[in-house]
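Reading through the structure tokens given below for one structure.
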Amino acid sequence: TQSTRPQRLLGAVQKNATRGDPCSVVKAIDHFCRHKEWAMNVGDEKGCILDSVVSEINPATVLELGTYCGYSTVRIASRLPPHAKLITLEFNPDFAVIARQVIAWAGVEEKVQLVEGASGDWIPKMKEQFGIKTFDLVFLDHWKDRYLPDTKLMEECGLLRKGSVLLADNVICPGTPEYLEYVRNSPRYESRYFKSHLEYTKVEDGLEKSVFLG
Ligand SMILES: CCCNc1ncnc2c1ncn2[C@@H]1O[C@H](/C=C/CNC(=O)c2cc(-c3ccc(F)cc3)cc(O)c2O)[C@@H](O)[C@H]1O
Ligand SMILES: [Mg+2]
């Protein structure tokens, strides 16, 4: 039977990356996506911006919306301080199976809780299920029309505190116009655009970093 692209991406990790070495996993995926098959990972260029935001915040609690194959999960987890927790939500079970293996190969499973299910169902349960009070950092990289409703849901559930940072992928391509309009015009956010390129291409894209002001 035919393999899927995520399965082939995992194969490239297992073939070319060193177990327990997150950097080699990231490099193996980037090489595969640049030279073999494009895939919708945040990628190396935007990934460096993600890395700098994570290092700047040094978060104790991180939420990722949309795990896909776990590329950004590994990038974030490998930069977290000890005892920090990254919860990543993925509602496609086939992608979750691949992501768990990528995360394990990188050796960052201690810091990662991959939760299978939809963000809309799980965001209201974060406190009771995982003992989370608020998130220091949220990385949005799931369906683009869900960025805004899920942000409003996180506000309503009290999961954001003064200083919480939302970092959103793809605000130009494919684009998240309603989300951008909201965070850029709301008095409750201080928003900034980091210009970059769509992963593995020369097309413009970027990340929007929005600090919740409480
Ligand atoms: C109920 C749906 C909302 N809640 C959700 N809860 C949990 N996981 C969710 C999710 N939505 C989507 N997901 C998962 O996130 C992932 C979806 C990501 C969507 N991303 C994109 O569409 C995307 C697309 C591009 C792209 C850009 C240009 C182009 F020509 C083609 C594609 C680039 C990117 O960087 C992207 O992130 C999948 O793994 C999906 O199963
Ligand atoms: Mg993306």
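Every number for a ligand or one of its atoms is a count from 1 in the order of the listing.
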Polar proximity ligand 1 side, D141 side, N/O cut 3.5 Å exclusive: yes
CG-CD distance between L86 and E64, expressed to the nearest 0.5 angstrom: 6.0 Å
Heavy atom of G43, distance to ligand 1 below 4.0 Å: no
Q14 CD: over 12 foreign heavy atoms closer than 6.0 Å: yes
Polar contact flag for S119 and ligand 1 (N/O pairs, less than 3.5 Å): yes
R146 to Y179, cation-pi by 6.0 Å centre distance and 45° axis angle: no
Cationic tip of K152 above Y182 ring, under 6.0 Å, 45° of axis: yes
Nearest neighbour of atom 12 (C) of ligand 1 from the list Y200, Y147, W143, on a heavy-atom basis: W143
Ligand 1 N/O within reach of E199 N/O, cut-off under 3.5 Å: yes
Heavy atom of the protein closest to atom 19 (C) of ligand 1 (residue, atom name, distance): H142 O, 3.4 Å
Under 3.5 Å: N/O of D169 near N/O of ligand 1: yes
Donor-acceptor contact present, side-chain T4 to main-chain Q7, <3.5 Å: yes
Check: S52 side chain, I49 main-chain N or O, donor-acceptor pair, under 3.5 Å: yes
Shortest protein heavy-atom distance from atom 16 (C) of ligand 1, along with the residue and atom involved: E90 OE1, 4.1 Å
Check: E204 side chain, H197 main-chain N or O, donor-acceptor pair, under 3.5 Å: no
Atoms of ligand 1, numbered as shown, that sit under 4.0 Å from any heavy atom of Y68: 39 (O)
Under-4.0 Å salt bridge between E116 and R100: yes
CD/E110: more than 12 non-hydrogen atoms of other groups inside 6.0 Å: no
Nearest-contact summary for atom 9 (C) of ligand 1 - protein heavy atom, Å: F91 CD2, 3.5 Å
Nearest non-hydrogen protein atom, atom 24 (C) of ligand 1: P174 CG, 3.6 Å
K144 with E178: basic N within carboxylate O range, under 4.0 Å: no
Distance-only polar pair, side chains of Q113 and T88, donor-acceptor under 3.5 Å: no
Test item: protein heavy atom less than 4.0 Å from atom 39 (O) of ligand 1: yes
Check ion pair R34-E199 (N to O, under 4.0 angstrom): no
Rounded distance (nearest 0.5 Å) linking atom NZ of K27 with atom CG of D21: 9.5 Å
4.0 Å heavy-atom contact, W38 with ligand 1: yes
Heavy-atom nearest neighbour in the protein, as seen from atom 22 (O) of ligand 1, with distance rounded to 0.1 Å: K144 CE, 3.9 Å
contact_flag G120 ligand 1 heavy-atom lt 4.0 Å: no
Numbered atoms of ligand 1 (with element) below 4.0 Å of G117, judged on heavy atoms: 6 (N), 7 (C)
Metal environment of the Mg ion (ligand 2), protein N/O/S under 2.8 Å: D141 OD1, D169 OD2, N170 OD1
Side-chain donor-acceptor pair present, N92, Y68, cut-off under 3.5 Å: no
Which residue and heavy atom of the protein sit nearest atom 15 (O) of ligand 1, plus the separation: G66 CA, 3.3 Å
Donor-acceptor contact below 3.5 Å, side chain R8 vs main chain S3: yes
Close-contact set for ligand 1 against L198 heavy atoms, below 4.0 Å: 27 (C), 28 (C), 33 (C)
Atom indices of ligand 1 within 4.0 angstrom of N170 heavy atoms, with elements: 33 (C), 34 (C), 35 (O), 36 (C), 37 (O)
Centroid-centroid under 6.0 Å between W143 and F91 rings: yes
For atom 3 (C) of ligand 1, the protein heavy atom that lies nearest, with its residue and separation: R146 CG, 3.5 Å
